[in-house]
Amino acid sequence: MGIQIAPSLLASDFARLADEAARVGNADWLHVDVMDNHFVPNLTLGRPVVEAIIKNSSLPVDCHLMIEDPDRWAIGYAEAGASSVTFHVEAAHAPVRLARTLRAAGARAGMALKPATAVEPYADLLPELDMLLLMTVEPGFGGQPFLDLVLAKLRRARDLVSRHGGAVWLQVDGGVSEQTIERCADAGADVFVAGSAVYDADDPSAAVQALRAQAERATEQAPWHC
Ligand code: DX5
Ligand code: ZN
């Protein structure tokens with residue numbers, strides 16, 4: 001699997017979600033941010049809206065849950081048809097059981113880490129996961145500046161994934177743009193979420209194409225890539 005681009009609908013016009021999804025048909029995933037106003041200080045949308053997006057989009061949906069008690073709620077997003085469901089490890093009570101439940105429901109299981117959460121304690125969980133999301137901003141809002149300090153953790157995560165066999169995707173989310181995507185690819189990311197960099201552009205689909213080209217070039221020259 002090469003690099004993948006996942007535009008975040010958070011930066012789109014919420015009154016026209018299906019149209020906004022259709023503007024990025026050349027992307028690989030549609031990233032949907034679910035926030036509950038508890039795990040993060042912001043409230044977005046929940047299962048009924050995610051279900052409507054899934055029904056009205058040609059792209060698979062990558063659901064990023066920034067919610068408390070994902071052990072209880074995450075399964076509903078897999079049942080609604082999300083192809084990938086990512087929960088935050090800081091909020092999960094039983095991440096292994098949760099990842100297994102998501103896979104059993106037919107979704108890819110993703111686990112997210114906030115910028116200050118270390119990756120090493122979770123090395124043994126990699127076989128249970130399809131994707132590891134390293135947040136490159138504090139979760140909760142779009143349009144925040146990229147946190148360079150996460151790049152060192154990203155390199156260590158890439159190393160852990162390579163030693164494990166490389167099947168786990170490494171996603172970055174937050175502040176990913178034409179200015180920062182090459183640094184992410186160089187450090188080991190292969191799935192790139194971009195909200196404002198895509199939807200603030202005049203032509204979101206051209207922005208996806210440009211980000212993809214940059215990430216592909218940087219990946220070919222990346223030290224971890226062979
Ligand atoms: C923030 C969300 C992101 C957000 C990224 O907590 O998880 O997916 O949409 O937005 P940008 O790309 O604008 O930083
Ligand atoms: Zn997100």
Side-chain angles (χ1 to χ4, degrees), residues 1-8 24 26-31 59-60 62 64 83-84 86-90 95 99 108-139 142-198 201 205-226:
M1 182 59 74
I3 75 108
Q4 302 183 76
I5 307 289
S8 167
V24 292
N26 60 336
D28 301 284
W29 293 87
L30 207 53
H31 183 88
L59 291 177
D62 165 35
H64 177 194
S83 302
S84 176
T86 298
F87 60 87
H88 268 268
V89 71
E90 300 89 352
R108 294 179 60 86
M111 193 174 83
L113 275 59
K114 297 205 279 186
T117 304
V119 68
E120 284 78 5
Y122 304 106
D124 292 342
L125 266 62
L126 288 178
E128 306 290 339
L129 301 171
D130 299 298
M131 185 165 80
L132 200 58
L133 162 53
L134 300 194
M135 290 303 298
T136 40
V137 298
E138 290 293 351
Q144 302 181 77
F146 180 82
L147 293 175
D148 267 289
L149 62 87
V150 180
L151 290 173
K153 177 166 68 174
L154 187 51
R155 284 195 192 89
R156 299 197 301 275
R158 172 49 66 189
D159 198 43
L160 292 173
V161 167
S162 303
R163 272 188 268 156
H164 155 65
V168 181
W169 296 349
L170 265 182
Q171 186 179 59
V172 281
D173 180 9
V176 175
S177 69
E178 285 186 28
Q179 282 72 47
T180 57
I181 196 167
E182 290 174 6
R183 274 176 266 166
C184 295
D186 181 72
D190 54 7
V191 186
F192 305 84
V193 177
S196 40
V198 168
S205 132
V208 167
Q209 201 182 336
L211 288 169
R212 186 192 298 287
Q214 274 187 295
E216 277 172 353
R217 264 199 312 274
T219 300
E220 267 163 36
Q221 290 158 19
W224 61 271
H225 189 255
C226 46

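Sorted by first and then second residue, the pairs that involve residues 152-161 and meet side-chain hydrogen bond (donor to acceptor under 3.5 Å, both in side chains), not counting sequence neighbours, are Glu120-Arg156, Arg158-Asp190, Asp159-Arg163. For residues 207-223, the pairs satisfying side-chain hydrogen bond (donor to acceptor under 3.5 Å, both in side chains) are Asp28-Arg212, Glu182-Gln214, with sequence neighbours left out. A salt bridge (charged side-chain N to carboxylate O under 4.0 Å, His left out) check over residues 123-136, counting only residues at least two apart or in different chains, returns the pairs Arg100-Glu128, Arg103-Asp130.
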Apply the test side chain to side chain contact (heavy atoms under 4.5 Å, CB included) to residues Phe146 and Ile181: give CA-CA distance (whole Å), side-chain angles for both, the deciding distance (0.1 Å), then the verdict.
CA-CA 10 Å; Phe146 180 82; Ile181 196 167; over 6 Å; no
Test side chain to side chain contact (heavy atoms under 4.5 Å, CB included) on Asp186 and Trp224 and set out the steps.
CA-CA 8 Å; Asp186 181 72; Trp224 61 271; 5.8 Å; no
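Met131 CE to Ser84 OG: the interatomic distance, rounded to the nearest 0.5 Å, is 4.0 Å. To the nearest 0.5 Å, the span separating CG on Leu59 from CG on Asn26 amounts to 8.5 Å. Between the CG atom in Leu113 and the NE2 atom in His88 there is a gap of 8.5 Å [rounded to 0.5 Å]. Atoms CG and CZ, on Leu133 and Phe87 in that order, are 11.0 Å from each other to the nearest 0.5 Å. From Leu132, atom CG reaches atom OH of Tyr122 across 10.5 Å, with rounding to the nearest 0.5 Å. Atom CG in Leu125 sits 11.5 Å away from atom CG in Leu160 (nearest 0.5 Å).
Considering every non-hydrogen atom in both Ala197 and Ser177, the closest pair reads CB-CA, 3.8 Å. Minimum heavy-atom separation, Leu134 to Ala157: CD1-CB, 4.0 Å. The two residues Ala222 and Ala185 have their closest heavy-atom pair at CB-O, 3.9 Å.
By the 4.5 Å heavy-atom criterion applied to side chains, Ile3 and Val191 are not counted as neighbours. A 4.5 Å side-chain heavy-atom check between Val24 and Val198 finds at least one atom pair inside the cut-off. Taking the side chain as every heavy atom from C-beta outward, Met111 and Thr86 never approach each other to under 4.5 Å. Annotation: side chain of Val208 is in contact with side chain of Pro7 (closest heavy-atom distance under 4.5 Å).
When atom types are taken as modelled, the side chain of Trp29 and the backbone of Phe192 share no donor-acceptor pair closer than 3.5 angstrom.
The side chain to side chain donor-acceptor pair (under 3.5 Å) check on Ser8 picks up Asp33, with sequence neighbours excluded. By the side-chain contact (heavy atoms from CB on, under 4.5 Å) test, Pro115 pairs with Met135, Glu138, Pro139, Leu147, Val150, sequence neighbours left out.
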Side chains of residues 166-175: which donor-acceptor pairs under 3.5 Å do they make with residues two or more places apart or in other chains?
| from | atom 1 | to | atom 2 | distance (Å) |
| --- | --- | --- | --- | --- |
| Gln171 | NE2 | Asp62 | OD2 | 2.9 |
| Asp173 | OD2 | His31 | NE2 | 3.2 |
| Asp173 | OD2 | His64 | ND1 | 3.1 |

